[in-house]
2 protein chains.
Amino acid sequence: MKTGQQIREAAPQHPGTVVPGLRERKKQRTRDALLRAALELFTTKGYERTTVDEIAEAVDVSQRTFFRYFAGKEEAAFAVQDMVESHFLDAVRQRPPHEGPLEALRKAVLESWDNIGDAVEEIIPIELHMRTYRLIESTPALLAVHLRRSEEMEERIAALIADREGVDVDTDPRPRVAVAAFGGVMRVTGRLWGAGEDYSVAAIRELTARYLDQVGPALMENWHGEDRR
Amino acid sequence: MKTGQQIREAAPQHPGTVVPGLRERKKQRTRDALLRAALELFTTKGYERTTVDEIAEAVDVSQRTFFRYFAGKEEAAFAVQDMVESHFLDAVRQRPPHEGPLEALRKAVLESWDNIGDAVEEIIPIELHMRTYRLIESTPALLAVHLRRSEEMEERIAALIADREGVDVDTDPRPRVAVAAFGGVMRVTGRLWGAGEDYSVAAIRELTARYLDQVGPALMENWHGEDRR
DNA sequence: GAGGCTAATGACAGCCACTGACAGTTGACA
DNA sequence: TGTCAACTGTCAGTGGCTGTCATTAGCCTC
């Protein structure tokens, strides 16, 4: 039986880490292999032009197996994004409470851009992740899903912000309005970055900071105390 | 041959209107019938659960014919939205130049809510349009497309705003930032309205106004003259 | 360490959205 | 009225995705 080079080597075990059984490790390897093959194919020949059969074939499993790991092509395309986003949420949660809402969000993003590298690299090469990001921005079907996911994120962030500011997210419009404005800017920068020439992390970091500067002075204020309802 | 009740009666001709040929009228009727049948089915039994075959059957045409009028189920779902959006764009264009960007946008939306009624009613009952709007908000696949379309709209609006304020949309971040913030608020209100109890036009109008009030004071300023780049 | 249990997989059939190709039908117009 | 072009129906095929069932292969117990 051909195992395929996509199946990556087992990483050395850290001491204290519980070694999962063979079954579990095999599953993980299959998933990783499928994910990498999918992203590689997507970014090489285009999302729509890549068939699930091709992905499965590249890893030498049946088409049915692909669907047992991913709900669809879509889910594979966003698997890494999923991880990045949960890191961002953590970063927001760890912001000191004295920072204003937009200040906290701003610092959390910029910090995230500095840290994703390591987390992503454990699964796929970061360069592949960057290519995938641009693919998402330029593929209508994926862009649509990306935006829906962003909206879901914003709802979670709004709840976080409302909580840290001690206001009610359902009666006070400010958390959602602030997050919507913030999210809007993030999307603009993401799009401009994808359309631009410089694909470095530094470039999107700089762009983000510059655009956020335009909202900051206008919206960055402390909500403690007053009620604007 | 069964013509199907979905085919609506020809409207009385306004004087001065050029009467299109029989072929053209027939096409229009088929398209309208397909659209109405589609929306009716979507809102009744759900978007995913209605097949194109069902829509075609309801109008008594072949499935292939449906695809000659609409690129896919999706396009049918957004046909009315298309019209509403172009009306909104017109409203923005007609705002007097002395109004600030956010003031102009705000007035254009509120005015649009007052006027869509007549335009929509020429194609489908308003109540069906309202139901469709809610369907879009609550169907993940449609919501995703809705958001992508919103982004496209925002790009067009940003260009309009930049133009009326006399700034360059590619070097000055403010048009896109302002429109992103505005669009974010619009989406929040749309979602809250869809999730709420009151489905009247008045309700969404009020909600929109209330939420926009929270961005207004913070962002509504006149850009003439200064350069914030 | 043999055998039973069960998760993981493969093979296959089928649904639905969508497309291309070709042939038949019907307005438009000379 | 006959020709042309537009519209339509039919049919075959592709690709995403799901349900089902038999087979394989870790895992665990005695």
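In the text below, chain A, chain B and the rest are named by the order of the sequence lines, each starting its count at 1.
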Donor-acceptor pair, side chain of B/K73 and main chain of B/V52, under 3.5 angstrom: no
Main-chain N/O of A/W113 paired to A/R205 side chain as donor or acceptor, under 3.5 Å: no
Start and end of the DNA chain D segment that chain B contacts, any atom under 4.0 Å from a heavy atom: D/dA5 to D/dT10
Side chains of A/T51 and A/D53, donor plus acceptor under 3.5 Å: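 Result is no, nothing qualifies.
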Modelled atom types, side-chain donor and acceptor of A/Q94 and A/D90, under 3.5 Å: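 No - no donor-acceptor pair under 3.5 Å links their side chains.
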Aromatic ring pairing B/Y133/B/H146, orientation class (parallel under 30°, perpendicular over 60°, tilted between):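 Perpendicular.
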Cation-pi check, A/R176 onto B/Y211 ring (under 6.0 Å, within 45° of axis):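 No, a cation-pi geometry is absent between A/R176 and B/Y211.
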Results of salt bridge (Lys or Arg N to Asp or Glu O under 4.0 Å) for A/R95 - residues two or more places apart only: A/E99, A/E111
Every protein N/O within reach of nucleotides 8-15 of chain C N/O, cut-off under 3.5 Å:
unit_1, atom_1, unit_2, atom_2, d
C/dA8, OP1, A/K27, NZ, 2.5
C/dT9, OP1, A/Y69, OH, 3.1
C/dT9, OP2, A/Y69, OH, 3.0
C/dG10, OP2, A/S62, N, 2.9
C/dG10, OP2, A/S62, OG, 2.9
C/dG10, OP2, A/T65, OG1, 2.3
C/dG10, N7, A/R68, NH1, 3.2
C/dG10, O6, A/R68, NH2, 2.6

For the student: nearest non-hydrogen atoms of A/L207 and A/T189, plus distance: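 Distance-wise, the nearest heavy atoms are CD2-O, 3.5 Å.
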Whole-Å gap separating P (C/dC16) and NZ (B/K73):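 My rounded result for the distance is 10 Å.
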